[in-house]
Amino acid sequence: MSMEAALTGFQQAYYKHDALDLANCLKPTPVDRLYDFWRSTNEVRVEHNVKHAITYGLGGIERAEAQGWIDVFVHFWRASDKIIKADQAQNQGRLSERHAVEVYEAWKDLVQTFQKYIGNGTLPHWIIFTLYFVANDLRKFAIKADTQLAKAKPVTFSAGLSDDVVATTPKNQKLEEAARVFSRIFALCMSDRNPNLSESRKWAVYCIANLQFKTYFKLKTITLCKNLIKSIEAQADMPPWNLYPKAHRVTYMYYCGVIAFLQEDYNKAETALFNSWAYCYKGSTKNRELILTYLIPCRLITKSEIPSAQILQEFPHLQTLFGDLVSSIKRGDLAGFDKAFAEGEPEFVRRRVFLTLERSRDIALRNLLRKVFLAAGYEDLKEGQTEKDRMRRTRIPLAHFATALRMGSGGGQTVDDEEVECLLANMIYKGLMKGYISREHAMVVLNKKGAFPGTGV
């Protein structure tokens with residue numbers, strides 16, 4: 001195949017101003033597709049062949065822009081060369097960390113070439129979205145390179161008297177480098193002062209920010225995410241929010257919600273996560289599941305709400321993750337809650353919901369205490385009263401709650417009055433039940449109108 005034929009897809013995408021089609025021309029996968037482009041030239045003639053194909057294929061464009069595209073596709077060919085050699089090495093069973101690093105470095109050169117020519121205005125504004133897709137591939141190559149380096153990482157003894165071993169390279173060296181590249185791309189978008197919004201690079205702000213979020217979460221540097229959000233919120237001349245692609249908005253709101261969730265700002269997290277859920281494409285099962293992974297624990301805290309059985313059935317992974325815990329909360333089964341929580345602990349920690357779910361034990365305790373309230377029944381009717389006037393008993397002995405706590409905790413546990421009083425006082429303080437404790441009479445006096453707010457009694 002000639003270089004002219006290999007670049008036909010690029011020419012069609014260029015004339016349509018289609019950033020996605022152009023990104024598809026620069027995809028590193030599947031590797032079989034790269035072979036045709038790679039075979040169309042060699043290292044000696046690549047610049048000449050690409051120049052000839054672009055100059056005659058895109059007649060009428062300015063020389064500076066043509067040179068920009070020539071440099072982009074020369075770097076793409078060199079990156080393809082590294083990818084193909086790595087693929088061949090893998091097929092022959094001799095893939096090493098050197099191959100992964102070379103692919104990463106070559107692709108980083110491609111991304112930085114794109115960035116340079118977009119930044120100086122040589123290439124058209126609409127390809128900023130193409131840069132996003134190419135940069136996203138850089139993130140993947142960085143992760144692969146770090147994985148290979150970790151497998152073959154040499155260690156040395158420290159210079160001190162101890163025999164601790166010290167790694168010679170950082171754990172995520174390449175991904176950290178890629179993160180710095182993404183920061184420069186983000187700055188490139190944010191600094192655009194073009195008064196014509198239709199040609200502004202700011203339309204790519206949220207998709208680049210989402211790329212950075214993914215990277216920072218992988219690096220476990222959440223504080224950098226907060227700085228990113230602040231810089232966006234400080235911009236006064238951004239295009240209208242509702243005009244951004246829905247996919248960009250949904251992903252951005254998801255990450256903002258998760259970041260607020262990790263900061264224990266649950267009201268803010270709930271708002272962002274719910275908006276992300278509301279606008280998420282109904283067919284995106286995986287994305288909706290990710291949103292609910294944080295929205296469910298969030299609502300347990302903010303509204304003391306448990307997810308419906310229908311929601312959990314719709315998402316089997318969430319049923320596995322939260323099913324036993326939710327059913328224990330609903331029943332007020334403290335022993336069942338503790339068992340489900342202990343069994344799910346590794347996954348809860350991995351998903352960063354452990355501490356929040358730990359707090360949801362209060363909801364299980366509330367439901368147990370509510371059962372005691374319901375079991376107490378109704379006051380006797382007084383003369384002249386009808387069934388409509390019947391009121392629930394609101395004065396309940398502390399001993400009843402102590403018995404319920406022993407049973408709910410699996411039985412056999414000794415719960416003294418002071419401990420019961422402490423638990424009840426905490427529930428009242430947190431607003432999960434309304435009333436007061438009469439120590440003199442060893443009674444709990446509950447509110448006649450809404451003893452357990454939000455539960456219908």
Side-chain angles (χ1 to χ4, degrees), residues 266-267 270 296-312 322 324-338 340-341 356-457:
Y266 296 115
N267 289 317
E270 183 192 359
I296 287 172
C298 200
R299 287 213 155 179
L300 280 170
I301 300 301
T302 58
K303 290 185 169 61
S304 302
E305 287 182 1
I306 59 175
S308 66
Q310 181 183 355
I311 284 287
L312 293 179
F322 297 124
D324 292 342
L325 205 66
V326 166
S327 60
S328 298
I329 291 173
K330 193 172 183 178
R331 295 193 309 269
D333 181 2
L334 298 182
F337 178 93
D338 293 339
F341 189 72
T356 307
L357 288 175
E358 190 176 34
R359 296 183 183 184
S360 66
R361 193 178 191 273
D362 287 341
I363 314 302
L365 177 57
R366 179 203 66 183
N367 290 343
L368 175 62
L369 300 178
R370 179 176 177 271
K371 285 184 176 182
V372 176
F373 174 62
L374 295 176
Y378 293 87
E379 299 282 1
D380 294 332
L381 289 175
K382 296 179 181 178
E383 187 177 350
Q385 289 183 325
T386 64
E387 287 296 327
K388 292 182 179 179
D389 302 318
R390 193 180 287 277
M391 300 287 291
R392 288 192 176 277
R393 284 196 174 92
T394 55
R395 295 171 61 84
I396 302 171
L398 276 171
H400 291 190
F401 288 110
T403 301
L405 285 168
R406 282 195 296 271
M407 294 173 63
S409 301
Q413 282 193 352
T414 303
V415 183
D416 58 35
D417 289 347
E418 289 184 354
E419 187 176 351
V420 173
E421 287 181 20
C422 181
L423 288 170
L424 291 171
N426 276 330
M427 297 299 284
I428 294 169
Y429 172 75
K430 292 175 181 177
L432 293 173
M433 62 186 288
K434 289 185 177 181
Y436 64 91
I437 301 170
S438 174
R439 301 194 69 185
E440 183 180 353
H441 300 95
M443 301 282 283
V444 177
V445 182
L446 295 169
N447 194 311
K448 293 182 179 181
K449 296 180 181 179
F452 292 87
T455 66
V457 294

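As the structure is a prediction and not an experimental result, all values here were calculated from the model.
At least one side-chain heavy atom of F322 sits less than 4.5 Å from a side-chain heavy atom of L357. The closest side-chain heavy-atom distance from V444 to L398 is below 4.5 Å. The shortest distance between side-chain heavy atoms of I301 and P297 does not fall below 4.5 Å. Looking only at side-chain heavy atoms (C-beta outward), L300 and T356 stay at 4.5 Å or farther from each other. Taking 4.5 Å as the limit, some side-chain heavy atom of L432 sits within range of a side-chain heavy atom of I363. For the pair L374 and R392, the minimum side-chain heavy-atom distance is below 4.5 Å.
Under the ring pair (Phe, Tyr, Trp, His ring centres under 6.0 Å) criterion, F401 pairs with no residue, sequence neighbours left out. Under the side-chain hydrogen bond (donor to acceptor under 3.5 Å, both in side chains) criterion, D338 pairs with R361, sequence neighbours left out.
To the nearest 0.5 Å, the span separating CD1 on I329 from CG on L365 amounts to 11.5 Å. Here the straight-line distance linking atom OG1 of T455 with atom CG of L369 works out to 11.0 Å at 0.5 Å rounding. One finds the CG atom of L325 at 10.5 Å from the CD1 atom of I296 (value rounded to the nearest 0.5 Å). E421 CD to I428 CD1: the interatomic distance, rounded to the nearest 0.5 Å, is 10.5 Å. In this structure, L423 CG and E418 CD are separated by 12.0 Å, a value rounded to the nearest 0.5 Å. Distance check, rounded to the nearest 0.5 Å: CE of M427 to CZ of R366 gives 7.5 Å.
With hydrogens and angles ignored, the 3.5 Å screen pairs no side-chain donor or acceptor of R370 with any backbone N or O of F452. Here the side chain of R393 pairs a donor or acceptor atom with the backbone of Y378 at under 3.5 angstrom. Formation of a donor-acceptor pair under 3.5 Å by the S308 side chain with backbone atoms of I311 is found in this model.
Shown here is K330, whose NZ atom has no more than 12 heavy atoms of other residues, nucleotides or ligands within 6.0 Å. Counted within 6.0 Å of NZ on K434, heavy atoms from surrounding residues, nucleotides or ligands total 12 or fewer; the atom is thus considered open. The neighbour count for R439 CZ, taken as heavy atoms of other residues, nucleotides or ligands under 6.0 Å away, does not exceed 12.
In plain terms, the two heavy atoms of S328 and A364 that are nearest each other are O-CB, 4.4 Å. Summarising the geometry of R331 relative to K371, their closest heavy-atom pair is O-NZ, 2.5 Å, with the distance given to 0.1 Å. Listed here is the closest heavy atom pair of G431 and P453: O-CG, 3.7 Å. Smallest separation of non-hydrogen atoms from L368 and A404: CD2-O, 3.6 Å. Nearest heavy atoms, S327 versus D324: OG-O, 2.9 Å.
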Q) Are L405 and L334 close enough, and set up right, to give a side chain to side chain contact (heavy atoms under 4.5 Å, CB included), and what steps lead you there? A) CA-CA 8 Å; L405 285 168; L334 298 182; 4.1 Å; yes
**Q.** F337/S360 under side chain to side chain contact (heavy atoms under 4.5 Å, CB included): CA gap, chis, key distance, verdict
**A.** CA-CA 9 Å; F337 178 93; S360 66; 3.5 Å; yes
Q.
Run the side chain to side chain contact (heavy atoms under 4.5 Å, CB included) test on T394 and N447 for me, step by step, so that the C-alpha distance in whole Å, both residues' side-chain angles and the decisive distance to 0.1 Å come before the verdict.
A. CA-CA 7 Å; T394 55; N447 194 311; over 6 Å; no
Q: Start with the C-alpha distance between R406 and T403, add both sets of side-chain angles, then the distance that settles side chain to side chain contact (heavy atoms under 4.5 Å, CB included), and finish with yes or no.
A: CA-CA 5 Å; R406 282 195 296 271; T403 301; 3.5 Å; yes
